[in-house]
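A short write-up of the structure that comes next.
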Number of protein chains: 2
Amino acid sequence: MSLSTDSPDQPTLYKRIRADIEKRILTGEWPPGHRIPFEHELVTRYGCSRMTVNKALSELAQADLIERRRRAGSFVRRPQHQSAVLKIADMRAEITGLGRAYGYELIGRKLRTATTVDRDRLGVKKAGKVIAITCRHSADKVPFAVEDRLIDLASVPDAATADFSREPPGSWLLHHVPWTEAEHTISAIVADDRTAEALDIAIGAPCLVIDRYTWRSARTITAVRLLYPGDSHRLVARFKGG
Amino acid sequence: MSLSTDSPDQPTLYKRIRADIEKRILTGEWPPGHRIPFEHELVTRYGCSRMTVNKALSELAQADLIERRRRAGSFVRRPQHQSAVLKIADMRAEITGLGRAYGYELIGRKLRTATTVDRDRLGVKKAGKVIAITCRHSADKVPFAVEDRLIDLASVPDAATADFSREPPGSWLLHHVPWTEAEHTISAIVADDRTAEALDIAIGAPCLVIDRYTWRSARTITAVRLLYPGDSHRLVARFKGG
DNA sequence: TTGACTTATATGTCTAGACATATAATCGTA
DNA sequence: TACGATTATATGTCTAGACATATAAGTCAA
């Protein structure tokens with residue numbers, strides 16, 4: 001057609017089809033709810049096989065830009081949200097990735113029967129055993145974050161015998177338990193006396209809080225709260241659109 | 001083979017192949033750097049065509065779980081990072097999505113030649129014109145967030161004549177300018193007097209800060225800083241693994 | 001040993017078919 | 001009118017090939 005006839009070193013066909021459609025969606029030419037041409041129409045338009053347009057549409061569906069419905073067709077999805085991929089490495093990788101020396105210190109470790117608060121935090125009904133861990137991560141000897149973690153022993157029995165005095169629980173879990181789902185909640189608080197001391201900041205200083213819940217097939221594995229000094233640390237999430 | 005012979009209502013073959021490989025990666029059986037069997041080996045193992053294993057591997061590559069290198073093979077990727085998709089709707093959608101009444105109020109709008117600070121914030125060299133906007137979003141008449149935005153008029157000339165007294169600049173931009181890339185930086189501060197007044201919170205109360213930079217093909221469009229009361233608002237990012 | 005050239009090979013893309021399956025639409029019946 | 005059965009159709013998956021292309025590895029000359 002007359003669109004994008006200026007292609008110097010032509011990317012592959014399915015990528016061009018994908019880009020064409022993506023562009024129309026992002027520019028609003030095809031608004032949310034709009035029906036994308038049927039595969040057989042695109043086959044005619046681009047003069048290629050169905051598998052090729054199918055690959056383009058499948059990738060757009062995977063990226064949540066369109067929704068595909070059998071017999072009905074493919075439609076531009078509503079949420080024009082910006083979405084960003086927030087990469088949260090485990091603490092060691094995060095700190096060494098910044099080119100700084102990683103330090104770890106176990107502050108407390110308690111094995112107990114889940115309290116009401118614990119059960120609420122893990123989202124479990126029964127009062128099984130849990131491990132509560134408090135520890136500190138530092139970068140170049142400076143406190144970087146304090147971690148307050150709860151592990152459900154019913155889901156991760158091995159954690160009872162793990163040595164968390166040398167290995168951070170986050171790393172240990174990463175290597176011993178495959179997660180399937182996680183939810184992060186980000187908020188801000190001001191440091192209370194205990195937090196202030198652990199992070200070596202002033203009482204009342206801002207802290208960034210990340211609460212992370214990790215499941216494996218609908219079963220809670222661990223709940224962790226990370227406290228970062230709010231003015232020193234920054235979480236970066238980058239999104240790539242077109 | 002002998003693995004997963006118990007499949008009640010068999011998902012499609014390529015999904016099973018993908019799940020099999022994913023499982024080995026997540027359990028650590030195939031650690032980062034490990035070479036996945038070649039496509040032709042998987043073809044033999046699963047007794048299917050190459051296109052089928054190719055689809056499975058392509059999806060794993062798209063999900064960043066493996067890396068594919070021509071002639072060399074496919075390898076388990078290093079970053080065991082957890083990554084989470086952070087969906088940031090525009091403010092109206094975010095608030096109405098919570099079932100609350102959305103309110104908007106323009107606090108200030110200034111058209112000026114970019115100052116040094118402005119240029120720094122937008123990451124541009126030349127001193128073109130910019131619009132600086134301050135506004136407030138509320139939910140059920142309660143302040144929800146204050147927004148401090150800078151728009152580069154060289155990239156978005158139409159913004160000069162847009163009426164931001166009724167439509168929030170975020171919504172306007174979303175509908176008028178397609179973005180291609182965005183970066184979010186999340187941090188925490190304590191409210192100064194001006195912020196405290198705008199959000200109707202106490203001076204020194206924690207605030208969650210989101211700085212967002214949006215580009216379209218390497219060109220900065222807008223820089224925005226959003227301030228939320230840190231104890232009331234929560235940013236949720238959810239990740240789906242297996 | 002080093003650099004340039006050649007070759008083998010795994011992935012990348014594509015085709016022209018096929019059958020499966022969910023479901024919107026239609027038609028028939030209570 | 002409402003509901004249940006039937007049908008048409010768009011997508012979902014799959015095959016058995018094909019050629020393209022990047023590149024690891026091997027070859028050979030300077």
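Letters A, B, ... are given to chains in the order of the sequence lines, protein chains preceding strands, and every chain is numbered from 1. What you see is a predicted model, and the numbers here were worked out from it, not measured in a lab.
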**OP:** Measure the distance from CZ on A:R70 to P on C:dA24 and round it to the nearest whole Å.
**Re:** 12 Å
**OP:** Whole angstrom is fine here: how far is it from CZ in A:R68 over to P in C:dT23?
**Re:** 14 Å
**OP:** On DNA chain D, check which nucleotide each of B:S49 and A:S58 is closest to and give me the residue with the more 5' one.
**Re:** A:S58
Original post:
Which residue lies toward the 5' end of DNA chain D, A:M51 or A:F38, if each is placed at its nearest nucleotide?
Top reply: A:F38
Subject >> Sidechain N-carboxylate O distance under 4.0 Å for B:E67, B:R69 >> reply: yes
Subject >> Electrostatic pair B:E167:B:R92 at N-O distance under 4.0 angstrom >> reply: no
Subject >> Point-to-point distance, once rounded to the nearest 0.5 Å, from CD of A:E41 to CZ of A:R35 >> reply: 5.5 Å
Original post:
Relative to the ring of A:Y104, is the ring of A:H137 parallel (under 30°), tilted (30 to 60°) or perpendicular (over 60°)?
Top reply: tilted
**OP:** Using a 4.0 Å heavy-atom cut-off across all strands, classify B:S74 as base, sugar-phosphate, or nothing.
**Re:** sugar-phosphate
**OP:** Using a 4.0 Å heavy-atom cut-off across all strands, classify A:L57 as base, sugar-phosphate, or nothing.
**Re:** nothing
**OP:** For the pair B:Y46 and B:D20, evaluate side-chain hydrogen bond (donor to acceptor under 3.5 Å, both in side chains) and give the outcome as yes or no after the intermediate values.
**Re:** CA-CA 11 Å; B:Y46 289 97; B:D20 275 6; 2.8 Å; yes
**OP:** Between A:R69 and A:K55, just flag the one whose closest nucleotide in DNA chain C comes earlier from the 5' side.
**Re:** A:K55
Original post:
Going 5' to 3' along DNA chain D, which nucleotides are the first and last within contact of chain B (any atom under 4.0 Å from a heavy atom)?
Top reply: D:dT13 to D:dA25
Original post:
Using a distance-only test with no angle check, is there a side-chain donor-acceptor pair under 3.5 angstrom linking A:R149 and A:T222?
Top reply: yes
